[in-house]
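Worksheet: one structure, shown below.
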Amino acid sequence: MIIGIALAILLVLLLCSVPVATSLVILALSLGLLFCDYPLYRAVGEITWSASTDFLLLSIPLFVMLGEILLRAGIAERTYNALNQWLSWLPGGLVQANIGTSALFAATSGSSVATAATITTVALPQGRRFNYSEKLFCGSIAAGGTLGILIPPSINLIVYGFLTNTSIPRLFLAGIVPGILLAILFMTCIAIACMVNPALSGGKQHFSWKTRLQGLFDLLPVLVIFIVVIGSIYTGVATPTESAALGVLASLLLAASYKAVNLRFFRLVFEGTMRTSAMIMLILIAANFLNFILDSIGLAAMLKDFVLNLGVSPLQTLLIVIALYVVLGFFVETLSLMVITVPIVAPVLVSLGYDPVWFGVVLILLIEMALITPPVGLNLYVVQGVRCGGAISDVMIGAAPFVVMIVIMIIMLIIFPEIALYCTKFIE
């Protein structure tokens with residue numbers, strides 16, 4: 001009964017377009033008043049303070065700022081042009097560059113939305129100039145943007161680590177190989193589609209070896225940021241939070257070297273950082289309070305016992321959880337989906353013998369799928385918003401093949417979990 005009432009309250013609030021953080025707080029207060037004799041609402045101050053002062057969460061606004069700096073400094077555009085010079089010979093040309101640039105930008109920005117918005121702004125004028133199929137072109141950007149939450153550093157992996165008390169360095173390592181493999185799957189999908197239907201691909205571009213070699217210098221900033229952020233973690237120089245601060249400092253120095261730093265630059269960077277960080281932190285604080293209420297009224301333990309007593313195998317339980325995330329991903333915003341479900345689902349799967357790091361990677365892939373599936377696929381709307389014209393159904397159709405690639409990646413991880421776990425052995 002408690003579960004039914006909780007779901008009903010949450011669905012009504014979300015359908016009424018109540019902001020997610022507010023919905024979570026209202027749900028928590030309602031459950032506390034209905035199912036507990038103690039005034040649990042009095043803990044809201046302490047819960048808010050403890051959640052907002054966690055040192056690990058300081059990395060979130062820092063990684064958001066890192067992405068904003070790279071965007072405002074024009075580094076993303078330089079990266080796209082350089083990769084276009086090297087990938088233009090592949091079937092799909094510029095579409096392949098969309099995936100390549102998204103993968104590289106993901107290695108410096110932990111945000112899927114920032115990645116999708118940046119690549120759309122840079123790439124779409126080129127796609128229209130060379131007469132590419134706008135469905136596939138925009139769909140590839142929406143899908144490529146999802147790599148931003150899998151390839152480290154990833155804000156969503158940090159949130160998962162915070163919610164489950166899982167090692168962030170291990171999660172970052174676990175995301176590297178699946179992220180690269182998923183990018184390769186995306187590029188393979190594009191190549192096959194363009195070979196089967198050449199009309200999807202636009203005009204060919206030709207670049208001399210001299211131009212390509214010169215373009216390599218524009219890839220150095222992304223490489224430098226990745227080495228600073230990830231290298232500082234695994235050499236023991238910095239914690240994930242400290243590495244984010246080092247990344248911001250390095251990106252500022254790079255922006256200054258491109259003469260992009262001025263008052264307007266700082267205003268745009270700070271505005272973008274505060275807007276995104278405030279949204280994420282408010283949801284996390286509300287989710288933390290909701291998790292406290294769920295534990296206090298015994299709902300989390302009740303759900304765990306229910307699943308464990310179903311009499312199904314661990315694999316069947318995993319498949320049920322995956323199906324649940326696929327369905328919820330159609331209707332619930334991705335960060336909200338994580339913070340609502342992870343504290344309940346993760347302990348159940350871990351108790352069945354699944355590695356929490358491995359499940360973190362699988363979860364991120366499911367979140368990636370939710371980002372490009374209608375009706376609430378956030379990346380679809382981001383690309384459409386920057387696109388400024390045409391039907392959003394074009395973006396949805398163009399992203400559909402990449403959903404299949406994500407499903408294939410999830411199946412590969414279930415069959416071969418070492419794809420995610422192999423690299424983590426180096427820091428055990």
Side-chain angles (χ1 to χ4, degrees), residues 1-11 24 27-28 31-32 35-36 51 149 156-168 170-171 174-175 178 283-284 286-370 406-407 409-411 413-421 424:
M1 185 179 73
I2 298 178
I3 299 173
I5 292 174
L7 288 174
I9 294 172
L10 183 61
L11 286 174
L24 296 180
L27 175 61
L31 293 177
F35 299 105
C36 187
I149 62 171
N156 288 64
L157 282 175
I158 293 172
V159 171
Y160 174 84
F162 171 74
L163 293 172
T164 60
N165 198 27
T166 305
S167 165
I168 302 299
R170 291 191 72 216
L171 285 169
I283 291 175
L284 282 178
N288 216 35
F289 181 57
L290 175 60
N291 295 335
F292 166 75
I293 297 293
L294 294 179
D295 282 336
S296 299
I297 65 176
L299 182 58
M302 194 185 307
L303 283 171
K304 182 178 178 180
D305 292 339
F306 172 76
V307 173
L308 293 177
N309 292 327
L310 281 176
V312 296
S313 68
L315 178 59
Q316 289 173 320
T317 304
L318 175 65
L319 294 177
I320 292 171
V321 168
I322 289 174
L324 174 69
Y325 273 105
V326 170
V327 173
L328 290 177
F330 291 141
F331 307 104
V332 184
E333 187 272 328
T334 51
L335 182 60
S336 311
L337 179 59
M338 281 188 66
V339 297
I340 293 170
T341 59
V342 165
I344 298 172
V345 171
V348 172
L349 291 179
V350 171
S351 68
L352 292 173
Y354 290 105
D355 189 289
V357 173
W358 174 86
F359 176 64
V361 175
V362 173
L363 173 65
I364 294 300
L365 285 166
L366 292 166
I367 296 299
E368 288 189 15
M369 190 188 303
I406 294 176
V407 172
M409 189 69 240
I410 293 173
I411 293 172
L413 278 173
I414 294 174
I415 299 174
F416 306 108
E418 287 300 307
I419 293 174
L421 296 178
T424 64

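The first residue in the sequence is number 1, and the count goes up from there. Remember, it's a predicted structure, so these values are computed and weren't measured experimentally.
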### Task
With sequence neighbours left out, write down each residue that passes side-chain hydrogen bond (donor to acceptor under 3.5 Å, both in side chains) with S296, or none if nothing qualifies.
none

### Task
May I have the step-by-step check of side chain to side chain contact (heavy atoms under 4.5 Å, CB included) for V361 and I364, ending in yes or no?
CA-CA 5 Å; V361 175; I364 294 300; 5.7 Å; no

Could you report the tightest heavy-atom contact between [X] and [Y], atom names first, then the distance?
X    : Y    : value
P356 : T166 : CB-OG1, 4.0 Å
S313 : Q316 : N-OE1, 2.9 Å
D355 : V357 : OD1-N, 2.7 Å
T424 : A420 : CG2-O, 3.9 Å

Gap separating the [atom1] atom of [X] from the [atom2] atom of [Y], nearest 0.5 angstrom:
X    : Y    : atom1 : atom2 : result
L363 : N156 : CG    : CG    : 8.5 Å
T164 : F359 : OG1   : CZ    : 9.5 Å
L318 : L352 : CG    : CG    : 9.0 Å
I410 : I322 : CD1   : CD1   : 6.0 Å
L290 : L31  : CG    : CG    : 7.0 Å

Could you list the donor-acceptor pairs under 3.5 angstrom formed by side chains in residues 338-348, with sequence neighbours left out?
{"residue": "T341", "atom": "OG1", "partner": "Y325", "partner atom": "OH", "Å": "2.6"}
{"residue": "T341", "atom": "OG1", "partner": "L337", "partner atom": "O", "Å": "2.6"}

### Task
Spell out, as yes or no, whether a donor-acceptor pair under 3.5 Å connects the side chain of W358 to the backbone of A174.
no

#### Entry: Sequence-distant partners of I415, side-chain contact (heavy atoms from CB on, under 4.5 Å), two or more places apart
I411

Side chains of [X] and [Y]: closer than 4.5 Å at any heavy-atom pair?
X    : Y    : result
Y354 : L315 : yes
L171 : I168 : yes
I149 : L157 : no

### Summary
Residues at least two apart in sequence or cross-chain that pass ring pair (Phe, Tyr, Trp, His ring centres under 6.0 Å) with F162, listed by chain then number, are none

